Protein chains: 2
Amino acid sequence: MNSNNITIYDVAREAGVSMATVSRVVNGNPNVKPTTRKKVQEAIDRLGYRPNAVARGLASKKTTTVGVIVPDISNIFFADLARGIEDVATMYKYNIILGNSDSNRDKEIHLLNTLLGKQVDGIIFMGGRLHEDLVDEFKKSPVPIVLAATLNQGYDLPAVNIDYEQAAYDATKMLIGHGHKQVGFITGPLEQQINGEKKFSGYRRALEDAGLPFRENDVILGNYTYASGLEAMQKMLGRDDCPKAIFAGTDEMALGVIHAIQDAGYSVPNDFEVVGHDNTRLATMIRPKLTTVVQPMYDIGAVAMRLLTKILNAEEIEEKNVVLPHRIERRDSLRKD
Amino acid sequence: MNSNNITIYDVAREAGVSMATVSRVVNGNPNVKPTTRKKVQEAIDRLGYRPNAVARGLASKKTTTVGVIVPDISNIFFADLARGIEDVATMYKYNIILGNSDSNRDKEIHLLNTLLGKQVDGIIFMGGRLHEDLVDEFKKSPVPIVLAATLNQGYDLPAVNIDYEQAAYDATKMLIGHGHKQVGFITGPLEQQINGEKKFSGYRRALEDAGLPFRENDVILGNYTYASGLEAMQKMLGRDDCPKAIFAGTDEMALGVIHAIQDAGYSVPNDFEVVGHDNTRLATMIRPKLTTVVQPMYDIGAVAMRLLTKILNAEEIEEKNVVLPHRIERRDSLRKD
DNA sequence: TTTCCAATTGGAAACGTTTTATATAGCGTG
DNA sequence: CACGCTATATAAAACGTTTCCAATTGGAAA
């Protein structure tokens, strides 16, 4: 409760200069004589002066703070992304205001408005689906917004993603390549475009290319969680035409799938083969270790934040819609070729 | 880039009142005639006025923002905690500025100062160890600081924790109760007081109470990760006096331990029994499911934030050092009694 | 010396609120 | 019908910076 009422004005008096000069010193403005700078710096140190970022924000109209809207930070996936964001934010001297939306439209809109009220310099948004109302708000935003791991559904917003369609195609194809005539697909809600359009269509395309029929029954929707993966697989195992190859839309679901298979007394990869998606740390925390599509969450976050800084600095931007490369990390949930 | 230059003054003109009146309406001050309030509200809606929180913060000296310092948000443990914090923060209309410290003293201090510069109303701190320098800074802080899942090493700071010593005692005792004469303890760095003092001494106390000798060899230190748990257990398995019961300081380490045991061809719980710590979601994502000490991370975060709001509102506080209850969740990594 | 220009420095006006003290209106009372 | 209240509304002063513009200073050139 002390030391904090020291203003730039106190420093100015202490150093025998004007507040404008102190401001210059604090902001590293070169137009200050070295001796003056030193004098001011000493006064700052002596007084323990700490610039008030709120006042600075009001005067300069910049807060060096960016908003981050995430469905749920306790989800390992978004936590990793957030770390990527925060790391490059720190690198560029920004701070992060983090909010959880639970992918709920009203919360998203409310959060967005709160952040704008707080005068953030920019926003990074993650969410399964871009509601039209939200996009309307985005359009009205006075500050730039970048999407991370979120499809830019035809709206012209800067975004960072991987090619989900191709990734799902690759994963399915790899399974088919192992001789399976039938591949199960267990993923999240289809309303979310990443699943409903991209992953799903990649899955179908792979089947088609291989001349295999698409069977409605081979697709089960869950909600990304371990439990929903487990349950989905149990349901599938209950059928006599159960596929012996499974592509799961999420590592967490893939773990559930593997355990459901093992709980039923079968072996992975001998009886069933499984491929996951995301390559979270979970992938190596299971036996057999999970073969999975590598979605570089940390990188997506980092690149999204970097993109935002570019926009904020009006730097040259080669491409607003960044597609990061993906690959499949082969581990033991797939038989050796 | 539009609509955002609308100030309280514009609203005042539009509604034909003074800005003070608009301010009252916006802040729900009761001293406004209903008809005036309505008139103002309409002007606000018509203009799409959004109060500038920065200006408000400068004038009122409150930012309704709190800082959260966390070692690493991509760690599931802290992510859960953060979610608890954010949820009650939202409930009380606060926002969260989140920063990762990697438990590094310099980053912690730097982050703290940045947050104070941004005029946060309070801070929630998580970190393995409280550096003396950091505590010095804490003491100088003009705003309250609450520790979450972080031991208040004799300094008189508000904090929310569980009783780690007792929890470790309970876990070890449960293992001993299963007939083990030797219990392995695999945990994080001992410099961190939670491990070095609390968990470790609970472990030793349980041995003592049971009349069992303490063996240096039975304790291996890792760094909380899956890999370090795996490695530690492999090392232990290499010895011919390897304990058949293991208490791991973290669920993630416990998973590593279980897999090391299984990889060596042994069975859990038949050959080895394992107890973890934290009850993260990982505990049920392994076979056998993990018996573990329940540390309610979400609750710790939520309670810490609630405690902070109490301090900020100058509410009556019964106890600044909150100790939440813990228990052991029995699952399949332990034999049935 | 003077003169002039560049390098420094200072002054004061924003920035958009909240808040305090002050004014005004409305209204029941005597 | 004037009086004194109370309930509302207003005006103006913070809040602590940045920033534009003007003023000053210091030296080099003349």
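The model shown is predicted, which means the values in this text are computed figures rather than measured ones. Protein chains get the first letters and strands the later ones, always in sequence-line order, with residue 1 at the start of each.
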[X] vs [N]: side-chain N/O to OP1/OP2 distance below 4.0 Å:
| X | N | answer |
| --- | --- | --- |
| A:Asn27 | D:dT18 | yes |
| A:Lys62 | D:dT17 | no |
| A:Tyr49 | D:dT17 | yes |

Five-pair end axes of the helix from C:dT1-D:dA30 to C:dG30-D:dC1 and the angle they enclose, rounded to 10°: 50°
Distance col, row B:Ile145:CD1 vs B:Thr150:OG1, nearest 0.5 angstrom, shows 12.0 Å
Drop me the distance from A:Asp87's CG to B:Ile73's CD1, to the nearest 0.5 angstrom. 12.0 Å
A:Arg56 has its side chain closest, among D:dG16, D:dT18, C:dT18, to D:dT18
Expressed in angstrom and rounded to an integer, what is the separation of [X] atom [atom1] from [N] atom [atom2]?
| X | N | atom1 | atom2 | result |
| --- | --- | --- | --- | --- |
| B:Lys61 | C:dT20 | NZ | P | 13 Å |
| A:Tyr9 | C:dG10 | OH | P | 12 Å |
| A:Leu58 | D:dG16 | CG | P | 12 Å |
| A:Gln119 | C:dT17 | CD | C1' | 11 Å |
| B:Asn52 | D:dT17 | CG | P | 17 Å |
| A:Asp10 | D:dT17 | CG | C1' | 13 Å |
| A:Ile44 | D:dT17 | CD1 | C1' | 13 Å |
| A:Asn29 | D:dT19 | CG | P | 9 Å |

Residues which pass salt bridge (charged side-chain N to carboxylate O under 4.0 Å, His left out) with A:Asp72, listed by chain and number, not counting sequence neighbours: B:Arg83
Closest-nucleotide ordering on DNA chain D, the 5'-leading residue of B:Ala59 and A:Ser23: B:Ala59
Do B:Glu14 and B:Tyr9 have side-chain atoms, one donor and one acceptor, less than 3.5 Å apart? no
Consider only side-chain N and O atoms of B:Lys118 and B:Thr65, and report whether a donor and an acceptor are under 3.5 Å apart. no
Taking ring-ring contact (aromatic ring centres under 6.0 Å, His included) as the test, write out the residues that go with B:Phe138, two or more places apart. B:Phe125
Apply side chain to side chain donor-acceptor pair (under 3.5 Å) to the pair B:Arg24 and B:Asn31, showing each step before the final yes or no. CA-CA 8 Å; B:Arg24 285 190 205 95; B:Asn31 293 341; over 6 Å; no
Below 3.5 Å is the cut-off: list the nitrogen or oxygen pairs between protein and nucleotides 9-11 of chain D, distance only.
| residue | atom | partner | partner atom | Å |
| --- | --- | --- | --- | --- |
| D:dA9 | OP1 | B:Thr36 | OG1 | 2.3 |
| D:dA9 | OP2 | B:Lys33 | N | 3.3 |
| D:dT10 | OP2 | B:Ser18 | N | 2.7 |
| D:dT10 | OP2 | B:Ser18 | OG | 3.4 |
| D:dT10 | OP2 | B:Thr21 | OG1 | 3.1 |
| D:dT10 | O4 | B:Arg24 | NH2 | 2.6 |

What residues form a side chain to side chain contact (heavy atoms under 4.5 Å, CB included) with B:Glu42, not counting sequence neighbours? B:Lys38, B:Arg46
Partners passing side chain to side chain contact (heavy atoms under 4.5 Å, CB included) against A:Pro71 (at least two apart in sequence or in another chain): A:Phe78, A:Ser101, A:Ser103, A:Met126
